[in-house]
Amino acid sequence: MAEFATWVLPVFIAASVVAGLARRIDLFETFLEGAREGLQLVYNIFPHVLAIYVAIGVFRASGALDAAAHALGGWLALVGIPAPVVPLALMRPLSGSAALGYLVSLLDEYGPDSLIGRLASVMQGSSETTFYVLSVYLGAVGIKRSGPALAFCLLGDAVGFVAAVWVSHAFWG
């Protein structure tokens, strides 16, 4: 399988070049046009991504994440959500890498076979980095009013978290 994966990209590129030559397409001009569009896309979405990273940094550095996790931890424990996974649920919509780092720390502390480790892993896999995705996709097409999309995406994250808790308790609880 690893051998197949090694050859997929070169074969795809070679097939694309052969197909372009067969259709008499100016491959170099087409490549340059695609590169220009890619750079324009980066130019359009970069301010949005930068704003998200600054907001995440302020949220974590100010202690607001820890305060929110502490405030919600007691209430969520009543419905079966262990307090250690609450920061993961708060962090996941904001930053995938920060959430992954926190997941690794949970796995180190509680073990991958613990309920917390399994629940955190299912939570990580059943949710999305909502704010990042909205920034990139809506910023790429120039949509400025993202309120309804944000509300539905956060609802989807909440459903994913609840489903992760339910599935984890059903299988390993």
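Index from 1, following the sequence. Since the model is a prediction, treat every value here as computed from it, not as a measurement. Atoms considered below: every heavy atom in the structure, side chains included; atoms not considered: hydrogens, waters and symmetry mates.
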Rounded to the nearest 0.5 Å, what separation is found between the CG atom of L88 and the CG atom of L100? 9.5 Å
If I compare all heavy atoms of G160 with all of S126, which pair ends up nearest, and what's the gap? O-OG, 3.3 Å
For the hydrophobic clusters of this structure (ILVMFWY residues joined by side-chain heavy atoms under 4.5 Å, transitively), does one cluster hold both L94 and L76? yes
Test item: S95 side-chain N/O and A98 main-chain N/O as donor-acceptor pair under 3.5 Å: yes
First locate atom CG of L32, then atom CD of E29, and finally report the distance between them rounded to the nearest 0.5 Å. 5.5 Å
Give me each pair satisfying salt bridge (charged side-chain N to carboxylate O under 4.0 Å, His left out) with a member in residues 107-132, each pair once, sequence neighbours excluded. D113-R118
Tell me whether the count of non-hydrogen atoms from other residues, nucleotides or ligands lying under 6.0 Å of CH2 in W166 goes above 12. no
T130: which residues meet the side chain to side chain donor-acceptor pair (under 3.5 Å) condition with it, sequence neighbours left out? D157
Where do A71 and W75 come nearest, in terms of heavy atoms and distance? O-CD1, 3.4 Å
Pair W172, V122 - check side chain to side chain contact (heavy atoms under 4.5 Å, CB included), show working. CA-CA 12 Å; W172 304 297; V122 174; 3.9 Å; yes
Shortest non-hydrogen separation from M91 to A99 and the atoms involved: SD-N, 3.7 Å
Decide yes or no for F31 and D26: does some side-chain heavy atom of the first lie under 4.5 Å from some side-chain heavy atom of the second? no
State the OG-CG distance between S121 and L103, to the nearest 0.5 angstrom. 5.0 Å
On a heavy-atom basis, which atom in V85 and which in A120 lie closest, and how many Å separate them? CG1-CB, 4.1 Å
Mind checking the OG-CG spacing from S135 to L150? Nearest 0.5 Å is all I need. 9.5 Å
CG (L106) and CG (L119) are apart, to the nearest 0.5 Å, by 9.5 Å
Rounding to 0.5 Å, atoms CG (L21) and OG (S16) come to a distance of 10.5 Å
Answer with yes or no whether the hydrophobic clustering places L134 together with L154; edges join I, L, V, M, F, W, Y residues whose side-chain heavy atoms lie under 4.5 Å apart. yes
Going hydrophobic residue to hydrophobic residue with side-chain gaps under 4.5 angstrom, can you get from Y137 over to L41? yes
Is atom NE2 of H70 surrounded by more than 12 heavy atoms (other residues, nucleotides or ligands) closer than 6.0 Å? no
Work out which heavy atom in Y102 is nearest to a heavy atom in P84; give both atom names and the distance. OH-O, 2.7 Å
How about L72 and L90: do any of their side-chain heavy atoms sit closer than 4.5 Å? yes
Closest contact, heavy atoms only, P112 versus L107: CA-CD2, 3.7 Å
